[in-house]
Structures are given as C-alpha cells and as structure tokens.
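Scroll down for the structure; my scribbles are underneath it.
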There are 2 protein chains.
Amino acid sequence: MTQKSPVKQGSRAASPRKASIRRQNQAVILAAAEDVFAERGYAGASMSEIARRADLPKANLHYYFGTKEELYRAVLDDILTAWRHDMDGFRSDADPKQAVSAYIRLKLDFSHRRASGSKVFANEIIHGASVLGDALGDLVRAGIAGKDKVVDEWVTKGLIAPVDGRHFFIMLWAMTQHYADFEVQIRKVLGKEALTEADWREIAIQVETFVLRALCLPV
Amino acid sequence: MTQKSPVKQGSRAASPRKASIRRQNQAVILAAAEDVFAERGYAGASMSEIARRADLPKANLHYYFGTKEELYRAVLDDILTAWRHDMDGFRSDADPKQAVSAYIRLKLDFSHRRASGSKVFANEIIHGASVLGDALGDLVRAGIAGKDKVVDEWVTKGLIAPVDGRHFFIMLWAMTQHYADFEVQIRKVLGKEALTEADWREIAIQVETFVLRALCLPV
DNA sequence: GTCTATATATCGATAGAC
DNA sequence: GTCTATCGATATATAGAC
C-alpha cells in the first residue's frame, strides 16, 4: 500500500526531503478539511472544495488519505489529540479555585482558537457519533480521566459546594464549547458584527464568575 | 404555482376533506424530516430516506414542499415557532428563583422532548446559519425578548448576584441544549445505555442547583 | 392527489500519462 | 509525487400515467 514508488529506494526514512513534503501536504490538507467539514458538515463537504481550499488537485487528497472518511477520521483524531492535554490542572491536591479558573480559560481559549475543530466534533456528536462509534467511550474516559472523582473529593472535604463531578464537567464543556460552536448566535445576542479579543476576555470573566459562584468559591 | 389541479374547483377552502389530508400529510412529512435532518444533517439527509420514514412516495414530498431546502425551512420554522412561547415566566415583578427554576425545567423538558428539532437548529447555527441568514437576528431578538433587561434589573435591585443578562441566557441555553444535543456523549459520561425519565429529573436538579447557586439564590 | 420511471447533476474515487 | 480525464454511484427533481 505504501510501495507505490516506481523506483526502488531503501525506505521512506531514507528520503527526508520527500517525507517533509508529505508531512507538509498532509498538514495543509488537514487544515483545509477541518474548515470545510466545520462549515458544511461531513456529507455537505466535498473533496473538490477541500482540494480548492488546500490549493492542491483533488487526486492528491486521495493519494494522501485514501477516502473521504479516512480524511474525516484524521481531522477528528487531530482535534482530539490536542484536547487530551487540557485536564492536567485537576489533581486532588490542587487548589480548587486555581484549577477551575485555569481549566475554564484553557477550554475557552482552545474552543476559540480551534473553532473549526470544535465544530467538527460537535457535529459528530450531534449526529450520534456514527463515525467515532465505540471509540467515543474511550475518548470520554480519557477526556474526563477520573477528574470527576477529584471534584467529588473536594465536595466531601467541604472545599466546594455539593455538585456531581460528572455533571460539573458536562456543564463546563457545555458553556465553553457553546461560545465557539454557536458564535453566529452569540454575536446576534451581544449585538456585535464580530467577536474581538476583548469580547473573549469578557466571556471568560462571565463564565468564570458564574462557575466559581456556583461552587461557592470566592470570585 | 398552487393551481396545479387539472379540474377547476371553487377554492381550497371549499374542500375541507382534502385540506385535512393535506395538513396531515404535511405533519407526517415534517416529523420524518425533522428526525432525518437531525441524524444526518442537511446535506446528508436524502429525500428518499425522509419519504421512507414518512411511509410516502418520494414524489409526494416534492408535491407538498417543492424542494429539499423548502422542506428544511419548514422544519426550522416549526421548531422555532414552538420555542417562541418559552420565556413568559420572565417578568420583572416575578420572583427570581421561581422564574429561573421554571425556565430551566421548561427548556430542559423541551430539549428532551423535541431532541431532533433541537439538533436541527444546533446544526444550522454551527454551520453559520446559512439558511436562516438574516432572519436569525430577528429570531434571537424574539427569543430573548428583552428578558436580559429583567435580569439586569434584578441585579440592580440586589435580588441576585451580579451577572450580565445576555451572558446569563447564553449560559442557560448552552446547558439546557447541550444535554439534548450531545446526548450520546452524556450517556458515555454517566455510563448509561439510555437516559431514563429519572435521569432527566436528576439532570434538571443538577442544572437548577448549579444556576441558582451561581445567582446566590436559595437552593 | 398518488406513484413509477427517468432526466440531469454532482460527487467520490481511480486510471494512466507525466 | 502530480494532475487530467473519466467511470460509476447516488441524489434531486420532474414528467406523465393513473
């Protein structure tokens, strides 16, 4: 499957220049695909439009990723890998206020900077995670990584107001993703043509204040 | 465009039996379309699948709704009409705790009962509201209907903790919609095969408690 | 108002020259 | 590794018999 080269050459690692071309083209295609999948959905996105956006011939997409579904999987995998490293501030010996504040800002910032990726994921879940399938269970477990137990522990110790750890994370994810995924609607509510960096700072303050107060932590 | 009848007859109102057939077929098609659009997205939904789900020949869908886009608009219109009547508990002379509690339960219950409609709307917004277009501005204004000002007034009077009325509604919508739209993910987090009525009651309690505490209202 | 058969368009995927 | 030309499948939409 990988030995399509007409001329024999030791291995792929023996040609670092070509490997670099490969990596760069894949990155360009992934970025274009993430945007198009976010704007049009999986079925609505066409390989031709992704190719146009990546400024490459359509056949090259199939050369690098095989099928449309494989490309879609690669986009999902890319965003989920980036997400996995977000929860590290949650340890039972950490200060609740610090951990919660940092996590909200991290999530909001990430949703904002990689809005397309966030939207692709949202779409996948809304449509029943038919492509992720059973892998979603593992992803959720990896994403929450027992941190709900840390929250439950804080509750037991009386450090925060009583809340179910799992629902706490669901509500946090709901708020932080919503501002990115529903940006078009947010803009209408706030009466803004576009959201500036200052708007995003205000959003962070609003969410942070709301959540800290819900946990009876000092604002 | 509507005078396709081969035989002339007074008017459509003159034939109440046919008008009833018309209304019922339209309702069946709308319900099927709402489900399919929710599961597959606009582009991914096919007229044949909607027809199959409605147990009608595909040509009848075009007879009643013309094009796929018109059918989609009708589905959106249907769900938005139902939403418009949800905000009536919010009046400045109402008791904040009562109003907030009732609203959360109303929204959650609605998201749950009309999950497909909620998902269709979420999809439309995530993809930039390209079909709703400028109409979204009016819809948002009608949806919030100045109720953010009521919240601001409660803050000024010292009845609730300080919060921006617009962000308050955004966060409320985020949480209530998220539980319906992301149900697949919620189930994984909670470790449930399906969400029962008891689960939904627990969800309502969790969200209500969280929000009331964020406003420094008695739980 | 119902339904079969079909015209037309578009998309995903690949063959094959370079 | 790149790119043009094209195949085959599927979707929307409609014509026309009933």
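Order of the sequence lines fixes the chain letters, A, B, ..., with proteins taken first and strands second; residue numbering starts at 1 for each chain.
- Of all nucleotides listed (D/dG1, C/dG1, C/dA13), C/dA13 comes nearest to the side chain of A/Thr67.
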Check the pair B/Leu71, B/Met47 against side chain to side chain contact (heavy atoms under 4.5 Å, CB included), reporting the backbone distance first and the verdict last.
-> CA-CA 10 Å; B/Leu71 174 55; B/Met47 295 296 271; 4.2 Å; yes
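- Nucleotides of DNA chain C nearest to B/Lys58 and A/Ala45 differ in position, and the one nearer the 5' end is that of B/Lys58.
- For A/Ser48, the side-chain atoms get nearest to C/dG12 when compared with the rest of C/dA15, C/dG12, C/dG1.
- The distance between atom CD1 of A/Ile50 and atom P of C/dG12, rounded to the nearest whole Å, is 8 Å.
- With respect to A/Asp138 and A/Arg141, a salt bridge is recorded, a charged nitrogen being found less than 4.0 Å from a carboxylate O.
- Residue contacts for A/Tyr64: at a heavy-atom cut-off of 4.0 Å it reaches the sugar-phosphate backbone alone, with no base atom in range.
- Going from atom CD of B/Glu70 over to atom C1' of D/dA13 covers 12 Å, rounded to whole Å.
- Neither side chain, B/Tyr42 nor B/Glu69, offers a donor N or O lying under 3.5 Å from an acceptor on the other.
- A/Glu208 and A/Ser101 form a side-chain donor-acceptor contact under 3.5 Å, judged by distance and modelled atom types alone.
- In the set D/dT12, C/dT14, C/dC3, the nucleotide with an atom closest to the side chain of B/Lys68 is D/dT12.
- Listed nucleotides C/dG1, C/dC3, D/dG1 differ in distance to B/Tyr63; the shortest reach to its side chain belongs to C/dG1.
- In this entry the distance linking CG of B/Asn25 with C1' of C/dG1 reads 9 Å, nearest Å.
- Of the candidates C/dT2, D/dT12, C/dA13, the closest approach to any side-chain atom of B/Ile21 belongs to C/dT2.
- Of all nucleotides listed (C/dC3, D/dC3, D/dG1), C/dC3 comes nearest to the side chain of B/Pro57.
- The residue B/Ala43 sits apart from the nucleic acid: no heavy atom pair falls under 4.0 Å.
- Distances were taken from every side-chain heavy atom of B/Ser46 (C-beta onward) to each of D/dT2, D/dT12, C/dT2; the shortest belongs to D/dT12.
- Close to C/dA13, at under 4.0 Å from its OP1 or OP2, lies a side-chain N or O of A/His62.
- Neither side chain, A/His167 nor A/Asp148, offers a donor N or O lying under 3.5 Å from an acceptor on the other.
- Counting to the nearest Å, the P atom of C/dC11 and the CD atom of A/Glu49 are 9 Å from each other.
- Spacing between atom CZ of B/Arg23 and atom P of C/dG1 amounts to 12 Å, rounded to whole angstrom units.
- Here the side chain of B/Arg22 is nearest to one of C/dC3, C/dG1, D/dG1, namely C/dG1.
- D/dA13 atom C1' lies 14 Å from atom CG of B/Asn60, rounded to whole Å.
- In this structure, B/Ile29 atom CD1 and C/dG1 atom P are separated by 11 Å, rounded to whole Å.
- Spacing between atom OH of B/Tyr72 and atom P of D/dA13 amounts to 15 Å, rounded to whole angstrom units.
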